[in-house]
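Reading through the structure tokens given below for one structure.
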Amino acid sequence: MTRVFRIAIDAAVFLLIAWLLLANMAFTVDERELAVVLQFGEPKAGYTEPGLKWKLPFIQEVRRLPKTYQFWLGSAREILVDVPTADGKKVEVTPWAIWRITDPVRFIQELRTVANAEQRIKDFVRSELRDVITANRLVDVVRSSDRQLTYTLQVDLPLGGASGTLLEVESPVGADSPREVVGFQPGAVEKVRLGRQKLVALAKAGVQQRLRQTTPEKLVERGIELVDLGIARIDFVPTVQEAAFRRLIAFLESVAAYYVNEGQRRKQEILNLTNYEVEKILGEGKREANRIRGEVEAEIIQMYAEAIREMGEFYQFYRTLDVYKKSFGKNTQLVVTTDADIFNLFRQMPLPPASPPMASGVPAAPSVPSPN
């Protein structure tokens, strides 16, 4: 029993030692990783492909590095501030870069850590972008073509009786109406010589060259590669921003003044045309009204003439009675002769027959001779 127990203990110790040796000799590399085997801090082997790898136990260690693309974006403290352009404009530039590790052994020899590599990328990108920007004009930094810029103004105007309709007016160059090109451009249009894309390409080439630093003796490889770089944002410095805003305000005021003047001119044209149409309609209406009135009055006169012709005596009798009614009242005093025309009806009226003598012996009233 003692011998069997001793054999079991020896086997367990052997297995433990073998497991420890195997654990310190074998390691795996993930597909998203790079690995470097270090011996006393010096790189001995690098692995870029995934799989099971081997190393010497206890005296060698494994340093793992990212195989994926690394992205760097300038923070608030890493923005390029007060970068002057060739035409005297000062800007603030926010750069970005994408890089990766290509040679893990060279990377460990030259840069040691990912933080050091990112700092080196950051320094090179900032330096090259500053050099490129200061050597070129602002128009080349912000634009890549000579395409004419247009400005879109949106105004909330009530149209067609609605509560509000968004009216969009664009202003390209050379037009007569507010809806066409007006040619408002804040400043002279400058020709783009290189453009932003070519400037970024120049900066990228400069960074790639500096990553492979050339010394009089040899070409230093750092084991990293710049995949791409660019500019995330370009802003004017505060003083230039204020001047640009004042310039833009003046530009928009000129646009507003143009549209106000154009509106007043259009308004006057519409008013003149409306007044002309109103006067024309009123003149035609008056002429038509006079024509109709003349025709109606002629018909009335003709009707009166026919009525008088057909009923002349009755009409004359009726009109005479109307004159009597309006002329003689209770207190009317009229001094005329008996042969006046106003008493024509009285002269033509027959007198009533004489009354017979009264039985009381009162004599009858004497008869009044006729005015005729």
Side-chain angles (χ1 to χ4, degrees), residues 29 31-36 38 42-43 45-50 63-86 89 91-145 192-235:
V29 179
E31 61 183 2
R32 295 171 298 177
E33 292 179 335
L34 301 172
V36 180
L38 302 178
E42 293 296 326
Y47 300 98
T48 59
E49 298 298 329
R63 178 75 60 83
R64 300 179 185 275
L65 302 171
K67 190 178 181 180
T68 56
Y69 288 154
Q70 304 298 304
F71 177 73
W72 168 75
L73 176 64
S75 62
R77 294 182 300 177
E78 298 166 347
I79 296 176
L80 297 174
V81 182
D82 290 342
V83 181
T85 60
K89 307 295 191 306
V91 294
E92 296 179 352
V93 180
T94 303
W96 59 266
I98 300 175
W99 62 278
R100 67 187 182 99
I101 301 173
T102 56
D103 189 341
V105 175
R106 286 287 185 182
F107 180 84
I108 293 297
Q109 290 175 343
E110 298 294 333
L111 300 173
R112 308 299 296 179
T113 64
V114 175
N116 291 339
E118 185 171 284
Q119 183 64 40
R120 189 63 57 88
I121 290 289
K122 181 194 311 181
D123 294 340
F124 288 169
V125 169
R126 285 164 51 89
S127 176
E128 287 296 326
L129 279 179
R130 180 180 289 273
D131 293 343
V132 168
I133 291 173
T134 54
N136 293 274
R137 300 171 305 155
L138 179 64
V139 65
D140 290 299
V141 176
V142 299
R143 301 191 62 190
S144 294
S145 68
V192 177
R193 290 181 296 184
L194 293 178
R196 182 169 175 173
Q197 293 180 350
K198 291 184 179 180
L199 295 185
V200 171
L202 290 176
K204 180 179 177 180
V207 174
Q208 290 174 339
Q209 180 64 30
R210 295 180 68 174
L211 288 176
R212 296 186 297 271
Q213 181 179 357
T214 303
T215 63
E217 296 82 11
K218 61 178 180 179
L219 181 68
V220 179
E221 291 284 352
R222 291 183 171 84
I224 59 176
E225 176 190 10
L226 178 68
V227 178
D228 199 4
L229 68 83
I231 299 174
R233 184 174 179 179
I234 298 178
D235 286 330

Do [X] and [Y] come within less than 4.5 Å of each other through their side chains, counting heavy atoms only?
{"X": "Leu199", "Y": "Ile133", "result": "no"}
{"X": "Ile101", "Y": "Pro66", "result": "yes"}
{"X": "Ile121", "Y": "Leu229", "result": "no"}
{"X": "Pro104", "Y": "Thr48", "result": "yes"}
{"X": "Asp228", "Y": "Trp96", "result": "yes"}
{"X": "Val36", "Y": "Phe107", "result": "no"}
{"X": "Glu118", "Y": "Trp99", "result": "yes"}
{"X": "Thr85", "Y": "Asn136", "result": "no"}

Donor-acceptor contact present, side-chain [X] to main-chain [Y], <3.5 Å:
{"X": "Gln208", "Y": "Leu226", "value": "yes"}
{"X": "Gln70", "Y": "Thr68", "value": "yes"}
{"X": "Arg222", "Y": "Leu211", "value": "yes"}
{"X": "Asn116", "Y": "Leu111", "value": "yes"}
{"X": "Lys204", "Y": "Val227", "value": "yes"}

Where [X] and [Y] come nearest, the two heavy atoms and their spacing:
{"X": "Asp140", "Y": "Arg193", "result": "OD1-N, 2.9 Å"}
{"X": "Ala203", "Y": "Leu129", "result": "CB-CD2, 3.7 Å"}
{"X": "Leu73", "Y": "Pro95", "result": "CD1-O, 3.6 Å"}
{"X": "Gly74", "Y": "Thr94", "result": "O-CG2, 3.7 Å"}
{"X": "Arg106", "Y": "Asp103", "result": "CG-OD2, 3.2 Å"}
{"X": "Ala35", "Y": "Val29", "result": "CB-CG2, 3.7 Å"}

Inset, instruction - Check the pair Glu42, Leu38 against side chain to side chain contact (heavy atoms under 4.5 Å, CB included), reporting the backbone distance first and the verdict last. - result: CA-CA 5 Å; Glu42 293 296 326; Leu38 302 178; over 6 Å; no

To the nearest 0.5 angstrom, please state how far the [atom1] atom of [X] sits from the [atom2] atom of [Y].
{"X": "Arg32", "Y": "Lys67", "atom1": "CZ", "atom2": "NZ", "value": "11.5 Å"}
{"X": "Arg100", "Y": "Ile224", "atom1": "CZ", "atom2": "CD1", "value": "11.5 Å"}
{"X": "Glu110", "Y": "Arg112", "atom1": "CD", "atom2": "CZ", "value": "10.0 Å"}
{"X": "Thr134", "Y": "Leu80", "atom1": "OG1", "atom2": "CG", "value": "10.5 Å"}

Inset, instruction - Can you establish whether the number of heavy atoms outside Arg233 located under 6.0 Å from its atom CZ is more than 12? - result: no

Inset, instruction - Return yes when atom NZ of Lys122 has more than 12 non-hydrogen atoms of other residues, nucleotides or ligands closer than 6.0 Å, and no otherwise. - result: yes

Inset, instruction - List the steps and the verdict of side chain to side chain contact (heavy atoms under 4.5 Å, CB included) for Asp123 and Gln119. - result: CA-CA 6 Å; Asp123 294 340; Gln119 183 64 40; 3.0 Å; yes

